[in-house]
Amino acid sequence: MNKVFYITTPIYYVNDTPHIGHSYTTIACDVLSRYQRLNGRETYFLTGTDEHGQKVSQAAKAAGKEPQQLVDEVVEKYKAMWKALNIGNDDFIRTTDPRHEKVVQKLFADLHAKGDIYPGQYEGWYCVPCETFYLETQIEKGLCPDCGRPLEKLKENTYFFRMSKYQDQLLAYIESHPDFVQPLGRYHEIVNFVKSGLRDLSVSRPRSRIGGWGIACPFDQEQVIYVWFDALLNYISAPGYGIEPERFGRVWPADVQVIGKDILKFHAIIWPALLLAAGIELPKKIFAHGWWTIAGEKMSKSRGNVVDPLKISAQFGVDSYRYFLLREVPFGQDGDFSETALSARYQADLANNLGNLLNRTLTMLEKYFAGIVPDPAPGRKTDETLTRLAQALPARIEQHLSELAFSLALERIWEIIDAANRYIENKAPWKLAKTDKEELAAVLYNLVDILRLVAVYLSPFMPKISQLMWEQLGLPGTPAELEITKTSLNQFPGKTRILKGQPLFPKLEINEEGARCS
Ligand code: ME8
């Protein structure tokens, strides 16, 4: 049986509504899984929500709600957001799902039975917003070294995970798998961190202090399992670890786990150490992308600069938003979000380039061939540049997407769009209409053939736009159903009646409130 392509996002905290940062990771994973499906591969694309922890219980308290009530409300906002952004996840895990809680308790008990979880006392500092422990030596003036907010001093009974025991094994694994952590800069960061020594990790909190919101320790009712131990296990609980061995065997190990750089250590150190302790294979790749800021500032409620993906998508269209996030900044690097930059890309890359190419081509087909694509004449002239770019495209996209280089994959697609627009300028079909009808037919056939290919490769990135292109080209079904073998040239069915419709990218109206598609 073929291995399913397994891809994960982090599971997001439900203390607040989702913003562009959360949508970034989820859209990236959506593109990768759509691309795999396009290639005929079965996918298991998992996202979900992290519902335990002090952060969530404090947010509930502040809102005057029970934690369960808050999480039930916020999870709906995540689900609605993913639907609106056209995210095709195959599963959605909540850490309050019984299917998840069972696995967490079982693994906690197994590691305890094995001696890898042992009782002790934790003394140190804790950051609630980061849900992270810090040593005295890591902090200054009682502030969190990661987020700068005040820390809580803790001295309490706990259970420790014997992480130090797995230091050498983890280092050996990482060093022999240079692709395990990406991009490369992050890989070196993790190697150095592991070399500097791993300490055992406190993995439970006294129920009395945190009010009991979390998964109970199976053998000590006084303790609740630490939120990160709980959360990380979602990646194996969802595909059925310990419960559905056959399904788990087809899905695990994860092919790629996409996260933001903020949670790299949890995923590249604690997570593989837990898997080594449990005797489970490690994921193939952990990719940590960069951070979006707004006018150079961190997004936060208190600054009032949090960007709502639904608002931006309503202004520019969902697919333009998806395109912008993945085209503007190389995945792995930080970026600054602005409506001005999005507007510029909308105008230049989308409306003037892609939109215009489709529009011009279809207008000429209507004008010169009554809206019917001419049959490809045997031996008709093709364009050398377009043919070369089109033939190279599948392998290039494959290469770039296997490296999560979304912006490069999009650049390759736009090279073809640029070349096709130049082809129109060079061929001047409006002149050929008067002098050489056969050549005119060849030019227009080549153009729709290229547009068909563009729609196929754009479909993971811009599913709605590529579908609209497909329909306007008069093609049946969807571009994402096409087997990848049909992405060679000369496959456009002759005599197809095109269905020119509304422009793909309507003009932006700019007013005091900003830009909006008209
Ligand atoms: O950390 N730029 O959840 P979280 C880019 N529950 N990406 C961003 C971003 C930004 N400004 N802000 C958030 C948690 N993200 C844990 C994870 S996993 C077992 C548990 C994205 O709600 C990015 O993917 O704080 C980041 O890693 C994640 O949201 C953090 O989401």
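Read the numbers this way: they start at 1 and go in the same order the structure lists the ligands and their atoms. Quick caveat: nothing in here was measured; it's all calculated off a predicted structure.
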If you count the atoms of ligand 1 from 1 in the order shown, which ones are under 4.0 Å from a heavy atom of [X]?
{"X": "Thr25", "answer": "21 (C), 23 (C), 24 (O)"}
{"X": "Pro10", "answer": "18 (S), 24 (O)"}
{"X": "Asp50", "answer": "6 (N), 16 (C), 20 (C)"}
{"X": "Met299", "answer": "11 (N)"}
{"X": "Ala231", "answer": "19 (C)"}
{"X": "Gly290", "answer": "5 (C)"}

Margin query: I'd like to know whether Asp179 forms a salt bridge (Lys or Arg N to Asp or Glu O under 4.0 Å) with Lys285, so could you lay out the CA-CA distance, the side-chain angles of the two residues, the decisive distance to 0.1 Å, and finally the verdict.
Written below: CA-CA 6 Å; Asp179 285 344; Lys285 193 188 294 184; over 6 Å; no
Check: On the ring face of Phe92, is Lys79 found with NZ or CZ under 6.0 Å from the centre and within 45° of the axis?
Finding: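 Geometry flag: set, cation within 6.0 Å and 45°.
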Next item on the list: Ignoring hydrogens, just give me the one of Trp291, Trp292, Tyr24 whose non-hydrogen atom is nearest atom 13 (C) of ligand 1.
Entry: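 The option holding the nearest heavy atom is Trp291.
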Side-chain donor-acceptor pair present, [X], [Y], cut-off under 3.5 Å:
{"X": "Thr43", "Y": "Arg37", "value": "yes"}
{"X": "Glu398", "Y": "Tyr35", "value": "yes"}
{"X": "His52", "Y": "Thr96", "value": "no"}
{"X": "Glu281", "Y": "Trp252", "value": "no"}
{"X": "Trp213", "Y": "Gln68", "value": "no"}
{"X": "Asp50", "Y": "Tyr12", "value": "no"}

What residue and atom, counting heavy atoms only, is the protein's closest point to [atom], and at what distance?
{"atom": "atom 1 (O) of ligand 1", "answer": "Ile263 CG2, 3.5 Å"}
{"atom": "atom 7 (N) of ligand 1", "answer": "His289 CE1, 3.3 Å"}
{"atom": "atom 31 (O) of ligand 1", "answer": "Tyr12 CD2, 3.5 Å"}

Next item on the list: Taking only Lys NZ, Arg NE, NH1 and NH2, and the carboxylate oxygens of Asp or Glu, determine whether Arg209 and Glu152 approach each other closer than 4.0 Å.
Entry: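 Looking at Arg209 and Glu152, the cut-off is met.
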Item checked: Ion pair check, Asp200 and Lys165, cut-off under 4.0 Å ->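 So Asp200 does not pair with Lys165 through a salt bridge.
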Quick check: does [X] get an N/O under 3.5 Å from an N/O on ligand 1?
{"X": "Lys55", "answer": "no"}
{"X": "Ile11", "answer": "yes"}
{"X": "Trp228", "answer": "no"}
{"X": "Asp262", "answer": "yes"}
{"X": "Tyr13", "answer": "yes"}

[X] near ligand 1 by a heavy-atom separation under 4.0 Å:
{"X": "His267", "result": "yes"}
{"X": "His19", "result": "yes"}
{"X": "Tyr235", "result": "yes"}

Check: Just how far is it from atom OH of Tyr6 to atom CZ of Phe45, taken to the nearest 0.5 Å?
Finding: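 Here the interatomic distance stands at 11.0 Å.
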